[in-house]
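Have a look at the structure below, then the notes.
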2 protein chains.
Amino acid sequence: MTLYKHFHTKEGLILEVLKKSQQDFQNWLDNKLSSNSKAPADKIKQLFDFIEEWITSPSFLGMGFIKASAEFPNEENPIHQLSSKQSREFRQYIGKLAGEANIKDADGLALQLSLLFEGAVQAEQMKRGSGAIKYAKKAAKLLIDGAINKQVLTTDF
Amino acid sequence: MTLYKHFHTKEGLILEVLKKSQQDFQNWLDNKLSSNSKAPADKIKQLFDFIEEWITSPSFLGMGFIKASAEFPNEENPIHQLSSKQSREFRQYIGKLAGEANIKDADGLALQLSLLFEGAVQAEQMKRGSGAIKYAKKAAKLLIDGAINKQVLTTDF
DNA sequence: TATATGGTATACAGACTTGTCAATTATTGT
DNA sequence: ACAATAATTGACAAGTCTGTATACCATATA
């Protein structure tokens, strides 16, 4: 009854839980990134270190918007739409970091990194302690270095 | 009644559907790879071309084991366990291709490619026509080339 | 202390899920 | 054509899910 008083419907409750947990994650990550490093180019390189910390933490229970979009696969569903929006916003957040690091195809790199991220979360949801994030991190470093080199080359000549 | 006669329980039905669709996918992919190319090093490079063809096909409805593992998150659940096994087997399939292509850390590359793959499928399930697979493909090529160069360097000197 | 506000507990309603049972109807092999 | 086997249908049962209604209890404020 108390739940229904506050959220009215189950869908409303789920939407609020999704919003809250995404805010918490974003705030946590943003805090880590802004307090621990200085140069924009360092931030994007540190991104997967913090993601690893988050995924391997014992309290990790998966990514809200990934679980929700799987449980509500219909694209018309409000929960699915919020999940999709959160996924897009997180990708844009990475894109902003890449842009500040002066990477040429910032959005392209952001999409690739988000694929690694979502893949690693998926792997971890499928098997706790999979270690997939370690390899996602290596791949991310390679992709980031590739994108940075491209940026350096095209601006130097 | 006919369904219950054949599969006894809903869980049994789901397990059979998962097995069948995975077999179909593996057979389709294996056929593509064995008929269209020759050298092992070419096969692994072609992998994401075929995956793109599969994901962008109008009949694509998502990846069974990804959806199932999300819907049955408990690791004790037989459906979850089958999903996990299928994910692992597909990764090993990629690893076999990488091994035949004489890539040094074949399993590591396979894991990275499977992260890109699962991330792209996830993205496509979240938003049909997302185009994520195009960027996954680019990232895959970069990772594969990186792994091949490493193999070349370490065997040449 | 009285009153209002919000939390808790129990019962219930209607729809849906996962099957089961039994009667009827199709299909197949001989 | 006949018998066996399999598929279809509709009724039902037990349990779950989502939500409502109501009565009761705790807390805060005047």
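Just so we're on the same page: letters track the sequence lines, and every chain starts at 1.
Of the charged side-chain nitrogens involved, none lies within less than 4.0 Å of a carboxylate oxygen, so that B/Glu71 and B/Lys67 do not count as a salt-bridged pair.
Per the geometry, NZ belonging to A/Lys5 stands 14 Å off P belonging to D/dA23, to the nearest Å. If you measure from atom NZ of B/Lys10 to atom C1' of C/dC16, you get 11 Å, rounded to the nearest angstrom. Across the protein-nucleic acid pair, A/Leu3 atom CG and D/dG19 atom C1' stand 12 Å apart, rounded to whole Å.
For B/Met1, counting side-chain heavy atoms from C-beta on, the closest listed nucleotide (D/dG19, C/dT10, D/dG10) is D/dG10. Between D/dC17, C/dG7, D/dT20, one nucleotide has an atom nearer to the side chain of A/Tyr4 than all others, and that is D/dT20.
Inter-residue side-chain proximity for B/His80 and A/Met126 is flagged as met; some heavy-atom pair is nearer than 4.5 Å.
The side chain of A/His6 contributes an N or O atom lying less than 4.0 Å from OP1 or OP2 of C/dG7.
Under the 3.5 Å distance criterion, with hydrogens and angles disregarded, no donor-acceptor pair is assigned to the side chains of B/Ser84 and B/Glu75.
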